[in-house]
Peer 1: 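Submitted below is the structure of interest, expressed as structure tokens.
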Amino acid sequence: MPNEKIEPLSAIECDTVEKALWELVKQYPKEPGDPNVTAQYDELDAKTSLAVLVLGGRYKSRNVLGGFTAEINFRVAYKSSPTTSPQRINSQAFVGRIMRWLENTKDLPLLTNGRTITKITASGAIPYKDETGQDKSTVYAADAVMEYEVE
């Protein structure tokens, strides 16, 4: 395996892509029974909330004309206060549906400034229980990688 230099995304690039990724998750077409929450950027608040959290990114390659390919790691997390097993299952499944939608959306939207999403890959089939708060809230989360390019 070649020695690959990892170059983190610049602060400007990260800021641009983070906002676009958040806008993408907000487009999830809710299904009957899904909670009535709108994705927030980098924040889980209140008793019930949905958040997009960016975990970092890197440039994968650059071309001589200034274009590049890159990837950004992110997490979708849903906080709620389920009191029964079916409610916990539904909370976990909600995050799973969002991730499947992201992975399987064929017509991925363009990001800003000529960025094109090439692929989104979720890291696991089942969202995991991230934490249980002192207020008895539970957070289910799933991680993914979004690859994109700039020509």
Side-chain angles (χ1 to χ4, degrees), residues 4-82 88-133 137-151:
E4 205 177 289
K5 181 182 174 203
I6 296 177
E7 182 185 359
L9 292 177
S10 69
I12 292 170
E13 182 65 20
C14 228
D15 186 53
T16 301
V17 175
E18 289 169 346
K19 289 175 185 167
L21 180 59
W22 169 53
E23 291 296 332
L24 174 62
V25 173
K26 288 188 337 185
Q27 294 175 34
Y28 165 72
K30 291 183 181 167
E31 295 183 9
D34 281 349
N36 187 22
V37 294
T38 300
Q40 300 299 314
Y41 176 74
D42 201 28
E43 180 179 17
L44 285 172
D45 61 3
K47 212 170 187 179
T48 302
S49 57
L50 178 68
V52 177
L53 308 141
V54 174
L55 309 173
R58 70 182 183 107
Y59 295 99
K60 293 178 71 176
S61 65
R62 293 180 179 268
N63 66 39
V64 295
L65 299 175
F68 59 86
T69 61
E71 66 183 19
I72 196 157
N73 300 303
F74 68 96
R75 175 173 294 149
V76 173
Y78 173 61
K79 178 181 177 183
S80 63
S81 299
R88 285 187 286 280
I89 290 168
N90 288 338
S91 295
Q92 185 179 38
F94 174 55
V95 175
R97 286 190 298 276
I98 294 170
M99 296 311 271
R100 278 190 301 283
W101 175 76
L102 287 168
E103 270 193 318
N104 294 310
T105 298
K106 299 295 182 213
D107 296 321
L108 292 166
L110 290 175
L111 299 174
T112 57
N113 301 329
R115 290 166 180 83
T116 304
I117 301 171
T118 55
K119 182 168 68 168
I120 297 176
T121 307
S123 62
I126 299 174
Y128 58 92
K129 185 175 179 178
D130 191 37
E131 64 182 53
T132 302
S137 63
T138 302
V139 177
Y140 287 98
D143 296 342
V145 177
M146 179 182 74
E147 295 177 27
Y148 68 98
E149 63 187 16
V150 176
E151 294 288 328

Peer 1: Check for a donor-acceptor pair, side chain of Gln92 on one end and backbone N or O of Pro127 on the other, with a separation under 3.5 Å.
Peer 2: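 Such a contact is found between Gln92 side chain and Pro127 backbone.
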
Peer 1: Would you compute the distance between atom CZ of Arg75 and atom CG of Asp42 and round it to the nearest 0.5 angstrom?
Peer 2: 11.0 Å

Peer 1: Run the numbers on Leu21 and Tyr148 for side chain to side chain contact (heavy atoms under 4.5 Å, CB included), then give the verdict.
Peer 2: CA-CA 11 Å; Leu21 180 59; Tyr148 68 98; over 6 Å; no

Peer 1: Can you sort out the partners of Arg97 under salt bridge (Lys or Arg N to Asp or Glu O under 4.0 Å), two or more places apart, ordered by chain and number?
Peer 2: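 With sequence neighbours excluded, Arg97 shows a salt bridge (Lys or Arg N to Asp or Glu O under 4.0 Å) to Glu31, Asp34, given in chain and number order.
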
Peer 1: Which residue pairs pass the salt bridge (Lys or Arg N to Asp or Glu O under 4.0 Å) test with at least one member in residues 11-23, sequence neighbours excluded?
Peer 2: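 Only Glu13-Arg115, Asp15-Lys19, Glu23-Lys26 qualify under salt bridge (Lys or Arg N to Asp or Glu O under 4.0 Å).
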
Peer 1: Determine, step by step, whether Leu50 and Tyr28 satisfy the side chain to side chain contact (heavy atoms under 4.5 Å, CB included) criterion, reporting the C-alpha distance in whole Å, the side-chain angles of both residues, the deciding distance to 0.1 Å, and the verdict.
Peer 2: CA-CA 12 Å; Leu50 178 68; Tyr28 165 72; over 6 Å; no

Peer 1: Look up atom CD1 in Ile117 and atom CD in Glu149, then write down how far apart they are to the nearest 0.5 Å.
Peer 2: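 Separation between the atoms: 11.0 Å.
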
Peer 1: Compare every heavy atom of Leu102 with every heavy atom of Val25, then report the nearest pair and how far apart it is.
Peer 2: CG2-CD1, 4.2 Å

Peer 1: Counting neighbours of NZ on Lys30 that are heavy atoms of other residues, nucleotides or ligands and sit closer than 6.0 Å, is the number greater than 12?
Peer 2: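 Yes, because the 6.0 Å sphere around NZ of Lys30 holds more than 12 heavy atoms from other groups.
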
Peer 1: Show me the donor-acceptor pairs, under 3.5 Å and distance only, between side chains in residues 64-73 and residues at least two apart or in other chains.
Peer 2:
{"unit_1": "Thr69", "atom_1": "OG1", "unit_2": "Ser61", "atom_2": "N", "d": "3.4"}
{"unit_1": "Thr69", "atom_1": "OG1", "unit_2": "Ser61", "atom_2": "OG", "d": "2.7"}
{"unit_1": "Glu71", "atom_1": "OE2", "unit_2": "Arg58", "atom_2": "NE", "d": "2.9"}

Peer 1: Rounded to the nearest 0.5 Å, what separates atom CE in Met99 from atom OG1 in Thr121?
Peer 2: 9.5 Å

Peer 1: What's the separation between atom CH2 in Trp22 and atom CD in Gln40, rounded to the nearest 0.5 Å?
Peer 2: 6.5 Å

Peer 1: Picking from Ser49, Pro82, Ser81, what satisfies side chain to side chain contact (heavy atoms under 4.5 Å, CB included) with Ser137?
Peer 2: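 Filter result, single survivor: Ser81.
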
Peer 1: Less than 4.5 Å apart, side chain to side chain, heavy atoms only: is that true for Ile120 and Phe74?
Peer 2: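 They are in side-chain contact.
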
Peer 1: Could you grab the distance from atom NZ of Lys47 to atom NZ of Lys79, nearest 0.5 Å is fine?
Peer 2: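 Interatomic distance, Lys47 NZ to Lys79 NZ, rounded to 0.5 Å: 10.0 Å.
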
Peer 1: So, does Glu103 use its side chain to make a donor-acceptor pair with the main chain of Ala122 at under 3.5 Å?
Peer 2: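 Pair found, side chain donor or acceptor close to backbone of Ala122.
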
Peer 1: Which atom pair, heavy atoms only, marks the closest approach of Thr48 to Tyr78?
Peer 2: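 Scanning both residues completely, I find the closest heavy atoms to be CG2-OH, 3.4 Å.
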
Peer 1: Within this structure, what is the NZ-CE distance for the pair Lys119 and Met146, rounded to the nearest 0.5 Å?
Peer 2: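 The distance works out to 13.0 Å.
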
